[in-house]
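Worksheet: one structure, shown below.
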Amino acid sequence: MGNSSLQIIAENVSVIASPKTWIEGGAIQQLQTTAKLPGMHRVVGMPDLHPGRGYPVGAAFFSIGRFYPALIGGDIGCGMRLLKTDLSIAKISLDKLVKRLGNIDAPLIEQSDVWRERVRSFQLQDSGFEQSLGTIGGGNHFAEIQQIIEVFDQDIFSAHGLDRKQVMLLVHSGSRGLGGHILREHIDQFGHLGLAEDDTAAIAYWQQHQQALDFALCNRRLIAERICANLATDAETVLDIHHNFLSEVSIDGVRGFIHRKGAAPADEGLIVIPGSRGDYSFVVQAVRGELASHSLFSLAHGAGRKWMRSECEARLKQRYTAAQLSRTALDSRVVCHDKGLIFEEAPEAYKPIDSVITSLQEAGLIKVVAKLKPLISYKTSGGCCV
DNA sequence: ATGTGC
């Protein structure tokens, strides 16, 4: 049976996207180039697919016998953490929350002895990047206060302890400088050739990769704790999912490696797929349908960029001032005192999240559980004045 | 993406 959300590009290259989903030609080209790497057996673009530095973002790659650290990229362990706070929607004021949130950009270990001890309590392996723990970083990373505005599957919703009356917190960050450092050292030594699975360097990479995953997970947890402390609330974690990582798996009895680059796993429980700061986010459950293995047990990780960062300011500054961009069409607040980022991360720079969710739904890969509306998107309090 | 590269 055909599926309008499955686009076959070549024998081992496909994209999960409805015909109306924005897919850049350059991203397809990168996908095809990647498919030709030695040992590469299948590549799949997700509906949020877009061009990256050499390799596409929003895709999963399955190789046999060797793997490619460059495909995972520099932000090893980047991911999403979703929490249900103790704040009740009915009682909050957004202006007050923005004020209470304050500035969360400085190193957490420098905030107090209590925080320093808290960071130490995770007993992370020494990395040299400890001062980045508890900080969001730049680019597309953010923390967002959200409200659940629609529930599509009450059973799954309740089973995960979700509650429409409670304020939600979403944290998107990764391994900061650590992952980049690991990739750079790898590339300096091996270029883009990848590693044979039984090479001693492969064992070393696995160790460093794990360190970055641990660091990134801990970072998101610390960011959430820091935000909750500022907001004088507590929170329960609903999910925490990496979308940049390598895993060793068997697909249809064939052992190999799934590289996920901006792709959420479909086999680790509930997933959140956020839209841009001016769009909704969706909590979804993966469905093990016909296309589950074809799509390498992966899902989109967000809306996906539509415009390159470098072109955003030129395209938008005629239409909006930076100050206007600190409010969105959904009436949410944007905390981003960095003039470059405010344009680069404008809602217009991203695909409509609807097209991404619909594509996954039509492909039979997800069941939509709930829809969340942004209230406050926090990027940074530093940088240039806005 | 990046306690950032030319």
Side-chain angles (χ1 to χ4, degrees), chain A residues 27 30 48-59 68-81 103-111 115-116 119 124 126-143 171-188 192 208-209 211-220 222-223 226 241-246 259-264 274 276-277 301-305 307-312 336-346 349-350 377-384:
Chain A
Q30 289 184 331
D48 55 337
L49 180 75
H50 61 91
R53 302 245 56 160
Y55 307 106
V57 182
Y68 295 86
L71 284 183
I72 305 300
D75 197 1
I76 304 162
C78 186
M80 302 283 174
R81 186 180 190 88
N103 184 329
I104 51 171
D105 300 345
L108 193 57
I109 52 172
E110 289 172 12
Q111 297 311 291
W115 276 121
R116 188 188 303 273
V119 172
L124 290 173
D126 291 340
S127 66
F129 292 89
E130 285 73 19
Q131 69 289 358
S132 295
L133 286 163
T135 67
I136 293 168
N140 59 357
H141 291 169
F142 63 84
V171 176
H172 177 204
S173 190
S175 55
R176 311 289 273 100
L178 174 59
H181 174 74
I182 292 168
L183 178 65
R184 195 205 177 112
E185 286 213 317
H186 169 82
I187 296 292
D188 283 350
H192 290 250
Q208 294 180 302
H209 171 269
Q211 182 189 7
L213 296 192
D214 294 343
F215 185 101
L217 181 74
C218 179
N219 187 36
R220 289 190 291 272
L222 288 166
I223 292 165
R226 181 180 201 172
I241 297 286
H242 301 297
H243 51 228
N244 289 351
F245 69 107
L246 181 67
H259 309 65
R260 290 190 178 89
K261 171 61 171 177
S276 71
R277 69 184 185 214
H301 79 311
R305 293 200 73 85
W307 296 348
M308 286 192 303
R309 292 187 176 279
S310 53
E311 62 182 333
C312 295
C336 183
H337 297 249
D338 177 319
K339 198 167 175 242
L341 257 192
I342 226 179
F343 286 107
E344 288 176 19
E345 292 294 312
Y350 283 85
S377 301
Y378 184 98
K379 300 288 288 185
T380 175
S381 297
C384 176

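Note that the coordinates shown come from a computational prediction; the quantities given were computed from them, not determined experimentally. Residue numbering restarts at 1 for every chain, and letters A, B, ... go by the order of the sequence lines.
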### Shortest non-hydrogen contact between Trp307(A) and Arg305(A), atoms and distance
O-NE, 2.8 Å
### Sidechain-backbone polar pair: Asp105(A) side chain, Gly382(A) backbone, donor-acceptor under 3.5 Å
yes
### Query
Expressed in angstrom and rounded to an integer, what is the separation of Ile136(A) atom CD1 from dT2(B) atom P?
11 Å
### Query
Does the side-chain contact (heavy atoms from CB on, under 4.5 Å) test come out yes or no for Arg176(A) and Asn219(A), once each step is laid out?
CA-CA 9 Å; Arg176(A) 311 289 273 100; Asn219(A) 187 36; 3.7 Å; yes
### Summary
Sorted by chain and residue number, the side-chain contact (heavy atoms from CB on, under 4.5 Å) partners of Ser127(A) (sequence neighbours excluded) come out as Phe129(A), Glu130(A), Leu178(A), Gln211(A), Phe215(A)
### Task
Please state how far atom CZ in Phe245(A) lies from atom C1' in dA1(B), giving the value in whole angstrom units.
18 Å
Please list each protein N or O that sits under 3.5 Å from an N or O in nucleotides 4-6 of chain B, with the distance.
none

#### Entry: Length of the CD1-P vector between Ile76(A) and dT2(B), whole Å
13 Å
### Query
Looking only at atom types and distance, does a side-chain atom of Asn244(A) sit under 3.5 Å from a main-chain N or O of Gly77(A), one as donor and one as acceptor?
no
### Query
For the residue pair Pro69(A) and Leu183(A), what are the closest heavy atoms and their distance?
O-CD1, 3.7 Å
### Task
Take atom CD of Glu185(A) and atom P of dT2(B), then tell me their distance rounded to the nearest Å.
18 Å
### Message
Keeping His209(A) on the side-chain end and Leu246(A) on the backbone end, is there a donor-acceptor pair under 3.5 Å?
### Response
yes
### Task
Classify the side-chain pair Tyr55(A)/His259(A) by whether it contains a donor and acceptor separated by less than 3.5 Å.
no
### Message
Just to be sure I follow the notation: if a pair is Watson-Crick (purine N1 to pyrimidine N3 plus N6-O4 or O6-N4) or a G-U wobble (N1-O2 and O6-N3), each under 3.5 Å, what dot-bracket string does DNA chain B give, with | for pairs to another strand?
### Response
......
### Task
Describe the nucleic acid contact of Gly177(A) in one word from base, sugar-phosphate, nothing, applying a heavy-atom distance below 4.0 Å.
sugar-phosphate
### Message
Using a heavy-atom cut-off of 4.0 Å across all strands, would you classify His181(A) as base, sugar-phosphate, or nothing?
### Response
nothing
#### Entry: Distance in angstrom units between Arg176(A) CZ and dA1(B) C1', rounded
9 Å
### Message
If I take atom CZ from residue Arg116(A) and atom CD from residue Glu110(A), how far apart are they, to the nearest 0.5 angstrom?
### Response
7.5 Å
### Query
At under 4.0 Å between heavy atoms, what does Gly138(A) touch on the DNA or RNA strands: base, sugar-phosphate, or nothing?
sugar-phosphate
### Query
Touch check for Gly128(A), heavy atoms < 4.0 angstrom, all strands: base, sugar-phosphate only, or nothing?
base
